[in-house]
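Each remark here refers to the structure printed beneath this line.
The structure presented is a predicted model; accordingly, all values stated were derived computationally and were not measured. A, B, ... follow the sequence lines: proteins, then strands. Residue 1 opens every chain. No hydrogens, no waters, no symmetry mates; every other heavy atom, side chains included, goes into these values.
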2 protein chains.
Amino acid sequence: MQNYQDMLKSSTLKSTPQRLAILSTINSKGHATIEEIYSDIKESFPSISLATIYKNIASLKDEQIVSEVCNHDKPKFEITKEPHAHFICKKCGEIEDIDFSKAITKEIDKRYPNSYKELYIYGLCSKCSKYN
Amino acid sequence: MQNYQDMLKSSTLKSTPQRLAILSTINSKGHATIEEIYSDIKESFPSISLATIYKNIASLKDEQIVSEVCNHDKPKFEITKEPHAHFICKKCGEIEDIDFSKAITKEIDKRYPNSYKELYIYGLCSKCSKYN
DNA sequence: TTCTGTGCAAATCTTTTGCATGGCA
DNA sequence: TGCCATGCAAAAGATTTGCACAGAA
């Protein structure tokens with residue numbers, strides 16, 4: 001895996017401290033909302049503007065460097081990786097990446113070739129199910 | 001299948017002309033955004049307010065009479081039915097209901113019992129793929 | 001110098017809330 | 001009468017836009 005600087009350079013986007021900060025925040029959280037990214041970066045980078053986050057998330061999505069995860073709530077963003085499924089906790093909203101099983105992937109590809117798939121599984125995460 | 005009036009009566013919600021109109025609009029479109037529901041109903045019901053649509057969609061969701069379909073864009077709503085997957089056209093945004101295969105359902109239930117699943121498949125719908 | 005990216009402020013859109021009114025049990 | 005639902009208007013929140021400035025190629 002290349003580093004973020006290289007990923008940006010091989011896209012149409014320039015590498016800037018703000019963009020690197022956005023990517024590293026998303027990476028360290030796994031999945032983050034705009035607001036989370038903003039407040040996280042603001043600590044080490046007080047002058048950053050919310051508009052910069054919005055603009056950059058839009059361009060990073062265009063370049064497919066980050067992807068949006070749809071969770072019926074605030075959209076969250078992740079670094080684009082191999083297609084995978086998401087387990088979303090319906091209590092706390094935490095998102096975990098899980099693997100598509102081969103069976104599922106094959107099944108879908110057979111019926112819908114050339115399609116992009118997203119699978120969401122909603123349940124209680126291990127933390128939340130402890131208190132239930 | 002019972003009619004909407006009965007569905008409402010067996011919930012905590014009263015049956016009102018506005019609610020019936022919302023349900024029948026969603027039903028006839030299959031999947032509709034707030035804006036689509038609003039402008040559709042406004043024709044036959046000019047005095048209806050957007051706030052009424054928002055409030056009712058929220059309560060109808062609480063009662064699980066309608067469900068939200070996550071499509072990375074404007075949320076769309078459908079009448080709640082058996083769990084099923086969605087095919088979303090990445091060009092025009094149209095949503096089609098498709099069946100979960102038994103294989104997929106079983107596979108997921110084995111690994112994630114008591115979970116609710118959503119499967120989205122993104123591709124080009126038949127209309128859009130004609131012009132591609 | 002030129003171009004892209006940034007940050008601020010304003011503008012726009014979307015959604016929610018408060019409140020007075022209306023209608024039904 | 002007592003509720004709940006509606007519609008309006010205002011408020012709040014989220015996102016986008018315009019513009020001037022800064023920094024890197």
Just the table, please: protein N/O against nucleotides 12-21 of chain D N/O, every pair under 3.5 Å.
unit_1	atom_1	unit_2	atom_2	d
dA14(D)	OP1	Lys74(A)	NZ	2.5
dT15(D)	OP2	Tyr54(A)	OH	2.1
dT15(D)	O5'	Tyr54(A)	OH	3.2
dG18(D)	O6	Lys55(A)	NZ	3.1

What nitrogen or oxygen pairs link the protein and nucleotides 22-25 of chain C at under 3.5 Å?
none

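Surrounding NZ of Lys81(A) are more than 12 heavy atoms belonging to other residues, nucleotides or ligands, all under 6.0 Å away.
When side chains are defined from C-beta on, Leu60(A) does not count as touching Phe77(A), because their heavy atoms never get closer than 4.5 Å. Side-chain contact between Ile34(B) and Lys74(B) is absent, with no heavy-atom pair separated by less than 4.5 Å. Between Leu20(B) and Ser15(B) the shortest side-chain heavy-atom distance falls below 4.5 Å. You'll find the side chain of Leu50(B) reaches within 4.5 Å of the side chain of Glu35(B), heavy atoms only.
Cys92(B) has its SG atom 2.5 Å or further from the SG atom of Cys125(B).
Using bins of under 30°, 30° to 60° and over 60° for the plane-to-plane angle, the ring pair Tyr116(A)/Tyr122(B) lands in the tilted bin.
Here dG5(C) presents its P atom at 15 Å from CZ of Phe45(A), a figure rounded to the nearest Å. Distance, Leu13(A) CG to dT4(C) P: 11 Å, rounded to whole Å. Here dT6(C) presents its C1' atom at 15 Å from CG of Leu8(A), a figure rounded to the nearest Å. Here the C1' atom of nucleotide dG5(C) and the CG atom of Asp62(A) are 15 Å apart, to the nearest Å. Rounding to whole angstrom units, OH of residue Tyr38(B) and P of dT16(C) are separated by 16 Å. Rounded to an integer number of Å, the gap from CD1 of Ile41(A) to C1' of dG7(C) is 14 Å. Spacing between atom CD1 of Ile57(B) and atom C1' of dA5(D) amounts to 15 Å, rounded to whole angstrom units. Nucleotide dG5(C) holds its C1' atom 15 Å from the CG atom of Leu23(A), rounded to whole Å.
Remark: Lys61(A) engages Glu68(A) in a salt bridge, criterion side-chain N to carboxylate O under 4.0 Å.
Between the side chains of Tyr120(A) and Glu118(A), at least one donor-acceptor pair of N or O atoms lies under 3.5 Å.
Side-chain proximity of Gln18(A) to the nucleotides dG7(C), dG5(C), dT6(D) is greatest for dG7(C).
Between Asn56(A) and dT6(C) there is a side-chain N or O to OP1 or OP2 distance below 4.0 Å. Phosphate contact (OP1/OP2 of dG7(C), side-chain N/O of Ser47(A), threshold under 4.0 Å): present. Side-chain nitrogen and oxygen atoms of Thr52(B) include none within less than 4.0 Å of the OP1 or OP2 phosphate oxygen of dA5(D).
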